[in-house]
Peer 1: 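Please find one structure pasted underneath; my questions will follow.
In what follows, chains are A, B, ... by sequence order, proteins preceding strands, each numbered from 1.
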Number of protein chains: 2
Amino acid sequence: MHLLQIYMKTLEEKAEKFNYNDLNERSREILLGIIEGYFGTASPVGSKFIAESSKLNLSSASIRNIMASLEEAGYIYQPHFSAGRIPTAKGYKFYVDSLMKTEKISIKEKEDIEIRLTSANRDLNGILNQVSILLSDLSHYAGVVLAPDMSEANLLHIEFIRIKEKNILAIIVFANGVTENKSFYITKDIKQNELTRYSNKLNEIIEKKNCSLDGLKEIIIEEMHSDKENFYSILNMGIFSSIGNVSGYWDYKHYDNCLYVGPEGDLIEEPEFSNNEQIKFLIKTISDKKNIIKLLGHTKNSKTKQIFIGSEDEWSEISGLSLITAPYISEINMIRGSIGIIGPLRMNYSHVIPIIDFVSEFLSGII
Amino acid sequence: MHLLQIYMKTLEEKAEKFNYNDLNERSREILLGIIEGYFGTASPVGSKFIAESSKLNLSSASIRNIMASLEEAGYIYQPHFSAGRIPTAKGYKFYVDSLMKTEKISIKEKEDIEIRLTSANRDLNGILNQVSILLSDLSHYAGVVLAPDMSEANLLHIEFIRIKEKNILAIIVFANGVTENKSFYITKDIKQNELTRYSNKLNEIIEKKNCSLDGLKEIIIEEMHSDKENFYSILNMGIFSSIGNVSGYWDYKHYDNCLYVGPEGDLIEEPEFSNNEQIKFLIKTISDKKNIIKLLGHTKNSKTKQIFIGSEDEWSEISGLSLITAPYISEINMIRGSIGIIGPLRMNYSHVIPIIDFVSEFLSGII
DNA sequence: AATTAGCACTCTGTATGTTTAAGTGCTAAT
DNA sequence: ATTAGCACTTAAACATACAGAGTGCTAATT
């Protein structure tokens, strides 16, 4: 045997014993045991517990050896020298990606979701708010919902109403029934019957071209060149400066008003939040909204479910928390938003993920 | 001197020394000292501190005597035998009613309020949400805003739009520019031009009678008797069952969607919330919304500012918290709601009260 | 008669030491 | 390769001592 061959063999063996990319069977089993044990008790899991509870008939001493390597590779850590082990963010991530078997969502839960999202005549606001509460109730963590971006949603109808002198209300109805209204001021008063003529003209375009608000704007800007009545320039100045904005970004909801947060009463009872600093961080994170909106924004544009596990290295803005998100998309109506559940790192992923999946799918169907 | 007279004199003296309804000057001064001392340090105030800081040149021993009577009367208490004194809910109440000198709201704060509530074209939702954030920012506690009851608000316009077969969207515009929309299903499809005829008919009534939604409903029920086209009965069945409800209560906002809560990040930093149970109670109270809505509802209907100081005896639903509320009312538009600030009992009342006063007045003016 | 100095007493919070239980890493034996 | 055994580490629980803050009461003073 060549020296090189021997060296290669050693490397292989080392890799077999401990593959950093994809743990071997035994390590996986033990990591799974630690994570599930920690889910149950919320306190560090020791080698003895694993030795007794796992299928591998190994002594605690052997388990300890493997645990030492798992720790070296960053999947678990010890809060102090002689304590048991706790999964790290990397450990949870590996669990979610490779170890977890997701539960099926129960029929009772399915029915609950269907009933609560279809009963009553609700506008979009009402539905999204209801979804945030529903997610909190089902998961026992905190549900969050990002309102959709309507910039590309198909229009159905636009109506102008004169509220008082020089003050006009624009009502925009999208094809899916969502309405948006903006009041704005103009420099010269316009009578209601003239306004109605304007609305009718716009509605003709909408019906003919089947366009979005962005699309409508483009058409209007184009028509402005050959505009004899000065009609489009009034629209452009007065109306579009108020219902869209110049840079082309449609602020369907004000930044501070586009996140629905469900009740967090159950979440704060989790043992990780018996620590005062932890609970304050949680409340500030949720109440500040900014970072959650940012993460939900990622998912909105990504088309697939995402799991943000907050650590010091990655997603530090939610360090110590987990956020599971999924988009809701209506291809027909061209609207798109996202939902999520915030909980501790020690979240019941296998239960929560199917809930998020089902709710996002169901929501996509009804909006 | 008669025995009776002597007895009366004794009683009077006792009353002078300690009048349960209206403390004598010295007691008031000491109670004020305790409350203001407690505002500053958030820890029990002892007799020595008062002796040194107050204008009354008394020894700590004398102060102790008076403190004992104040305690007997329920204005202050000791957390344990040899601690200083802390104001009770009754103490705070007395302070707010009789001792407090409210500060004037600063020009800078006034300007801040005006700028933040008038800038940008905002719908009512946006304004109320902004008010909740504004109240949080100014007070450093948590601002809350109850959405108005629109049942008596004057109508401006109603519009029906056919979304798809048998599915109609009703847009209701109130005189102050608030819009509400409800989608509903009917048993027989109606074409858009017929719907427009219906809207026009309703708008004629609205313009002529200048009525509220409740008023419109009554008119329609009356007209149903002499209804040849069967028009009003369709309206009554389809539309009013969805936009109002049978019992006459107009659910402008769903119960769970009518409270705006500002950021609570500053509030949880108050020393009373370093206790874990306290912070959980706070978060649950705010996140549950029910009790806060109830208290804000009181104020909405009462026309005057109210201060709820939560103790075990009174307003126990916010025990350990204070809620200062004021209504906002637009007489012209007949709409009415309320705003509030939630904080610890040890709240900076003299600063917060003028803020609430000014914001509620300003808001009344712009809605 | 009102006020106060003085003092014994009570309670909290902090520091300190002790013990127990849990869990580890390492070594030598299997 | 695995494990029994053991010395070691740490947190948590408990007991003890002690300083500091503040009280209520009594006797002395104004």
Side-chain angles (χ1 to χ4, degrees), chain A residues 9-10 12-14 16-18 24-27 29-31 33-34 37-38 40-73 75-87 271 274-275, chain B residues 6 9-10 12-18 24-27 29-31 33-34 37-38 40-73 75-87 271 274-275:
Chain A
K9 183 122 191 286
T10 321
E12 264 169 39
E13 272 164 6
K14 227 174 171 176
E16 164 60 19
K17 187 181 165 200
F18 193 85
N24 67 29
E25 192 49 38
R26 185 170 283 183
S27 302
E29 188 63 38
I30 287 169
L31 180 55
I34 292 170
Y38 189 61
T41 62
S43 52
V45 178
S47 56
K48 205 178 152 208
F49 176 86
I50 299 291
E52 282 163 5
S53 65
S54 91
K55 288 168 292 191
L56 321 152
N57 274 330
L58 288 175
S59 74
S60 64
S62 309
I63 306 283
R64 280 201 288 283
N65 283 325
I66 301 165
M67 281 163 91
S69 2
L70 280 169
E71 179 158 15
E72 206 190 335
Y75 292 96
I76 54 178
Y77 76 100
Q78 288 179 291
H80 58 84
F81 181 81
S82 70
R85 301 313 209 287
I86 294 176
S274 55
N275 175 313
Chain B
I6 293 169
K9 181 119 191 289
T10 322
E12 263 170 38
E13 274 166 3
K14 228 175 168 174
E16 165 58 21
K17 187 182 164 200
F18 193 84
N24 66 30
E25 193 48 38
R26 183 170 286 183
S27 303
E29 187 63 38
I30 287 170
L31 180 54
I34 292 170
Y38 190 61
T41 63
S43 52
V45 177
S47 57
K48 204 177 152 210
F49 176 86
I50 299 291
E52 282 163 6
S53 65
S54 92
K55 289 168 293 194
L56 322 152
N57 274 330
L58 287 175
S59 74
S60 63
S62 309
I63 305 284
R64 280 203 286 284
N65 284 327
I66 301 165
M67 280 164 91
S69 3
L70 280 169
E71 178 157 18
E72 206 189 335
Y75 291 96
I76 53 178
Y77 76 101
Q78 291 178 289
H80 58 82
F81 179 81
S82 70
R85 301 313 211 287
I86 295 174
S274 55
N275 175 312

Peer 1: Only pairs with both distances under 3.5 Å count, Watson-Crick or wobble alike; so what is the partner of C:dA1 in this structure?
Peer 2: D:dT30

Peer 1: Out of D:dT10, D:dG22, C:dT4, which nucleotide sits closest to the side chain of B:Ser62?
Peer 2: C:dT4

Peer 1: Of all the heavy-atom pairs spanning A:Ile66 and A:Ser27, show the shortest one and how long it is.
Peer 2: CG2-OG, 3.8 Å

Peer 1: Report which part of the nucleic acid B:Ser60 touches: base, sugar-phosphate, or nothing (heavy-atom distance under 4.0 Å, all strands).
Peer 2: nothing

Peer 1: Rounded to the nearest angstrom, tell me the gap between atom CG in B:Asn57 and atom P in C:dA5.
Peer 2: 12 Å

Peer 1: Quickly work out the A:Ile34 CD1 to C:dT24 P distance and round it to whole Å.
Peer 2: 9 Å

Peer 1: OP1, OP2 of C:dG23 versus side-chain N and O of A:Arg85: anything below 4.0 Å?
Peer 2: no

Peer 1: Hunt down the Watson-Crick or G-U wobble partner of C:dA29, both distances under 3.5 Å, from any strand shown, or write none.
Peer 2: D:dT2

Peer 1: Are the side chains of A:Ser54 and A:Ile30 in contact, using a 4.5 Å heavy-atom criterion?
Peer 2: no

Peer 1: Which nucleotide sits closest to the side chain of A:Phe81: C:dT3, D:dT9, D:dG24?
Peer 2: D:dT9

Peer 1: Can you check whether B:Arg85 reaches B:Leu70 side chain to side chain, under 4.5 Å on heavy atoms?
Peer 2: no

Peer 1: How many whole angstroms separate atom CD1 of B:Ile66 from atom C1' of C:dT4?
Peer 2: 13 Å

Peer 1: Any donor-acceptor pair under 3.5 Å between the side chain of B:Ser82 and the base of C:dT10?
Peer 2: yes

Peer 1: Would you say C:dA2 has OP1 or OP2 under 4.0 Å from some side-chain N or O of B:Arg26?
Peer 2: no

Peer 1: Provide, to the nearest angstrom, the distance between the CD1 atom belonging to B:Ile50 and the C1' atom belonging to D:dA21.
Peer 2: 15 Å

Peer 1: Mind checking whether A:Glu71 and A:Ser69 have side chains closer than 4.5 Å, heavy atoms only?
Peer 2: no

Peer 1: What's the spacing between B:Thr41 OG1 and B:Phe49 CZ if we round to 0.5 Å?
Peer 2: 6.5 Å

Peer 1: Could you give the CD1-to-C1' distance, from B:Ile63 to D:dT23, as a whole number of Å?
Peer 2: 14 Å

Peer 1: Which nucleotide, D:dA4, C:dT24, D:dT23, lies nearest any side-chain atom of A:Ser59?
Peer 2: D:dA4

Peer 1: Report the distance from atom CG of B:Leu70 to atom P of D:dT23, rounded to the nearest whole Å.
Peer 2: 12 Å

Peer 1: Can you check the B:Arg64 CZ to C:dA8 P distance for me, whole Å?
Peer 2: 15 Å

Peer 1: On DNA chain C, does the nearest nucleotide to B:Pro79 precede the nearest nucleotide to B:Asn65 from the 5' side, or the other way round? Give the residue.
Peer 2: B:Asn65

Peer 1: Between P on D:dT23 and CD on B:Glu72, what's the gap in Å once rounded to a whole number?
Peer 2: 16 Å

